[in-house]
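Everything on this sheet refers to the single structure shown next.
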Amino acid sequence: MPSVYEVFRRERPGAAMQHAGSIAAPDERFAEIYAREQYGRRGESDALWLVPRDAVQEIDDFVDEFDLKYRRVDGYSLKERLKEARELAGSSRRDEPGTP
Amino acid sequence: METMDARTEDRTESFLAHVQSGGLVETGDWMPDEYRKRLTKFIEMHANSELMGVLPERDWILRAPTLQRKLALTAKIQDEVGHAQLLYRVVEDLGKPREVCLDDLIAGKSKFHNVFHYPTRTWGDVGVIAWLVDAAAIISQKALLKCSYAPYARIMRKICWEESFHILHGRDVILTLVTGTDAQRELVQEALDRWWAPLMMFHGNPIPAEDDPMVRWRIKSQPNEEARQQFLEGYVPQVWELGLTLPDPKLRRGDDGVWAYTEPDWNELMAVVSGHGPASQERLAFRRLSRTEVDWVARTVLAEAA
Amino acid sequence: MSSPSRVDLLLDLADDELILGWRNSEWTGIAPFLEEDVAFSSIAQNEIGHARALYELAARELGTDADAVAFDRPVAEYRSAPLVELRRLEWARTIARHWLYETADAVRLEVLKASDDAELAGIAAKIDREEVYHRIHAEMWIDRLLGSDEGRPRLDAALDELWPYALGVLDDELRPELVTRVEAKLGRSLPDVDPVPRGKHETELADLLEEMTSVRRSAPAGARW
């Protein structure tokens with residue numbers, strides 16, 4: 001059976017490589033020629049990466065059992081705190097000289 | 001019938017809820033058997049159609065009347081073969097090997113689109129196919145950008161992008177012919193007259209979305225009739241403005257924007273896609289023959305590559 | 001100043017590329033597998049593209065356009081080599097012809113790239129930049145078939161059959177270079193045969209031109225297509 005190669009393409013210099021699809025080919029030489037024509041013949045790609053499917057190590061199980069959301073934006077609800085802080089600032093400001 | 005255990009039933013329910021709420025599915029994800037079967041069959045038919053769609057046009061590569069037309073037509077057919085490649089790869093990853101798909105195709109066990117069962121008689125057909133068959137196809141394919149199966153939706157972007165060149169090529173062929181000699185103009189009219197019925201059947205008979213399991217699994221999201229209306233709305237005015245006619249006296253746009261037309265012969269559609277079209281058997285025989293002739297290449301070159 | 005031999009030289013190349021491109025595009029849609037179909041179709045398109053660029057140069061000197069030169073000449077005026085005219089819709093022969101042609105073409109293009117005629121040298125260089133990929137493609141297939149038990153005898157037979165035609169692509173003085181390159185790659189000697197020279201058309205050319213011009217001839221000369 002031929003090998004499957006995953007093909008990644010970059011649209012322009014500086015852009016990220018994106019998965020484009022795959023091809024089946026007898027070996028790397030064939031894969032190169034085939035990927036060139038299937039994913040770049042209209043000049044739509046500035047670079048291609050060919051990766052034998054077997055070489056792809058996939059990780060798709062991400063566990064967060066203990067809700068460690070301090071690492072994410074939704075881990076911070078600033079709205080309430082900000083409201084509180086503003087109220088506090090508003091009440092004290094009146095007493096301070098030099099504040100509007 | 002396989003019986004579903006409670007766990008599978010639960011997973012199926014949540015899978016259905018996931019896809020119905022816009023969720024996407026990747027190759028390695030768990031999916032219900034029914035989803036996998038319907039999806040595989042649907043994408044396989046799409047792939048078969050691209051591959052069989054090559055045959056009505058390829059003879060005309062050799063007869064194209066200018067170098068530019070020859071290049072553009074070759075590129076169009078190359079794109080179609082490329083689409084078949086992309087689609088069969090998706091089918092393979094769903095579990096059905098390409099060789100088995102091709103065996104089933106040439107044995108008449110799987111289907112391909114109705115329009116590819118008709119003969120191409122003139123250079124006018126080349127223009128009508130590239131313009132209107134591809135226009136009809138791009139409507140369905142654009143709707144598939146929203147398919148719940150993400151690998152299919154992703155390759156559809158490349159497919160739609162390439163189809164857009166075909167429509168331009170087709171329209172250019174048509175415009176050149178209708179502004180040419182009387183005989184050239186007649187090539188277009190005669191081809192349109194023959195292709196109109198198959199074009200009206202292209203999107204299939206109207207099935208209410210709520211009865212369509214393909215819509216339920218969000219493999220398809222566009223009802224057949226909606227696709228046909230979109231085609232009529234987009235292209236009938238473009239045909240008429242060239243002074244060309246369409247062979248349907250009932251065809252007109254209602255005040256509500258809905259197009260009226262003569263009901264296509266759905267029995268003909270069924271007969272055609274099950275291998276009884278005017279060119280079905282000849283096309284399948286050609287595929288069988290060409291496959292036999294290159295069989296040794298696949299056998300030796302690919303088999304020895306292991 | 002242009003001389004008739006310059007036009008002839010352009011037409012040698014252009015007719016070869018047109019006819020071979022036409023022959024190779026007979027595979028579009030039915031190649032041994034889909035990835036190959038896409039790749040081989042690009043090669044056919046490149047060849048037609050090269051032919052078009054060359055016809056444009058010739059047409060300028062002849063006071064006509066590229067399509068007229070490509071389509072509207074009588075069979076006897078085509079200057080193509082018999083190698084490209086043969087109808088050989090069989091994969092081992094297709095690969096044998098493809099590789100023999102590309103190898104001969106490389107020899108010819110090297111000479112043209114060094115030409116004093118800047119325009120000719122320029123177009124040869126441009127063509128050669130695409131031919132690089134054709135040669136890579138041809139060679140990977142040659143290696144594959146030679147390394148396969150079933151492919152090798154088929155390819156060897158095809159090479160022997162086509163060898164006199166391959167020699168005919170080049171003028172006398174360039175043929176030894178072709179022999180050297182082909183034998184080096186194959187690691188064996190090829191039959192010592194008389195070349196089938198350019199201008200001695202195969203009957204297949206007449207059939208090809210008949211089909212190629214059938215649509216074009218259906219409207220009066222000068223019609224737009």
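Below, chain A is the first sequence line, B the second, and so on; all start at residue 1.
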- How would you list all residue pairs meeting salt bridge (Lys or Arg N to Asp or Glu O under 4.0 Å) that involve residues 94-106 of chain C, not counting sequence neighbours? Asp105(C)-Arg108(C)
- Which atoms of Arg217(C) come close to chain B, meaning under 4.5 Å heavy atom to heavy atom: side chain ones, backbone ones, both, or neither? neither
- Note on the structure: Pair count under 4.5 Å, heavy atoms only, with chain C: among Ala75(B), Gly82(B), Gly53(B), highest is Ala75(B)
- Arg157(B): salt bridge (Lys or Arg N to Asp or Glu O under 4.0 Å) partners, not counting sequence neighbours: none
- Can you tell which part of Ser214(C) gets under 4.5 Å to a heavy atom of chain B, answering side chain, backbone, both or neither? side chain
- Message: If we count only N and O atoms by modelled type, under 3.5 Å, do the side chains of Gln238(B) and Arg171(B) hold a donor and an acceptor together?
- Response: yes
- Item | Candidate list Leu10(C), Asp15(C), Asp67(C), test side chain to side chain contact (heavy atoms under 4.5 Å, CB included), partner Tyr55(C), passing option | Asp15(C)
- Query: For Ala92(C), is it the side chain, the backbone, both or neither that has a heavy atom under 4.5 Å from a heavy atom of chain B?
  - Reply: both
- Item | Interface residues of residues 43-50 of chain B facing chain C - non-hydrogen atoms under 4.5 Å apart | none
- Message: Between His134(C) and Glu131(C), do the side chains contain a donor N or O and an acceptor N or O under 3.5 Å apart?
- Response: yes
- Task: State plainly whether the residues Arg288(B) and Asp295(B) are in salt-bridge range, i.e. N to O under 4.0 Å.
- Result: no
- Tell me, for Leu208(C) versus chain B, whether the close heavy atoms (under 4.5 Å) come from the side chain, the backbone, both or neither. neither
- Would you find more than 12 non-hydrogen atoms of other residues, nucleotides or ligands less than 6.0 Å from Lys111(B) atom NZ? no
- Side chains of Leu155(C) and Leu146(C): does their closest heavy-atom pair fall under 4.5 Å? yes
- Query: Going by an N to O cut-off under 4.0 Å, is there a salt bridge joining Glu162(B) and Lys158(B)?
  - Reply: yes
- Query: Aromatic ring centroids of His113(B) and Phe202(B) under 6.0 Å?
  - Reply: yes
- Task: Sort Leu51(B) into side chain, backbone, both or neither according to what part of it lies under 4.5 angstrom from a heavy atom of chain C.
- Result: side chain
- Which region of Phe40(C), side chain (C-beta onward) or backbone (N, CA, C, O), has a non-hydrogen atom less than 4.5 Å from a non-hydrogen atom of chain B, or is it both or neither? neither
- Item | Side chain, backbone, both or neither of Thr179(B) within contact of chain C (heavy atoms, under 4.5 Å) | both
- Query: How would you list, in number order, the residues of residues 57-72 of chain B that have a heavy atom less than 4.5 Å from chain C?
  - Reply: Arg58(B), Asp59(B), Trp60(B), Ile61(B), Leu62(B), Arg63(B), Ala64(B), Pro65(B), Thr66(B), Leu67(B), Gln68(B), Arg69(B), Lys70(B), Leu71(B)
- Query: Strictly by modelled atom types, are Ser80(C) and Glu85(C) linked by a side-chain donor-acceptor pair under 3.5 Å?
  - Reply: yes
- Query: Could you go step by step and tell me if Trp296(B) and Trp91(C) meet the ring-ring contact (aromatic ring centres under 6.0 Å, His included) rule?
  - Reply: CA-CA 9 Å; Trp296(B) 70 271; Trp91(C) 195 248; 8.5 Å; no
- Task: Report yes or no: is the cationic atom of Arg283(B) (NZ for Lys, CZ for Arg) under 6.0 Å from the centre of the six-membered ring of Phe116(B), at an angle within 45° of the ring normal?
- Result: no
- Residue from Glu293(B), Arg98(B), Arg291(B) scoring the most non-hydrogen pairs under 4.5 Å with chain C is Arg98(B)
- Message: Using heavy-atom distances under 4.5 Å, tell me whether Glu26(C) contacts chain B through its side chain, its backbone, both, or neither.
- Response: both
- Message: Between Ser218(C) and chain B, with a heavy-atom cut-off of 4.5 Å, which part of the residue counts as in contact: side chain, backbone, both or neither?
- Response: neither
- Task: Could you verify whether a donor N or O on one side chain and an acceptor N or O on the other, from Gln78(B) and Thr28(C), lie under 3.5 Å apart?
- Result: no
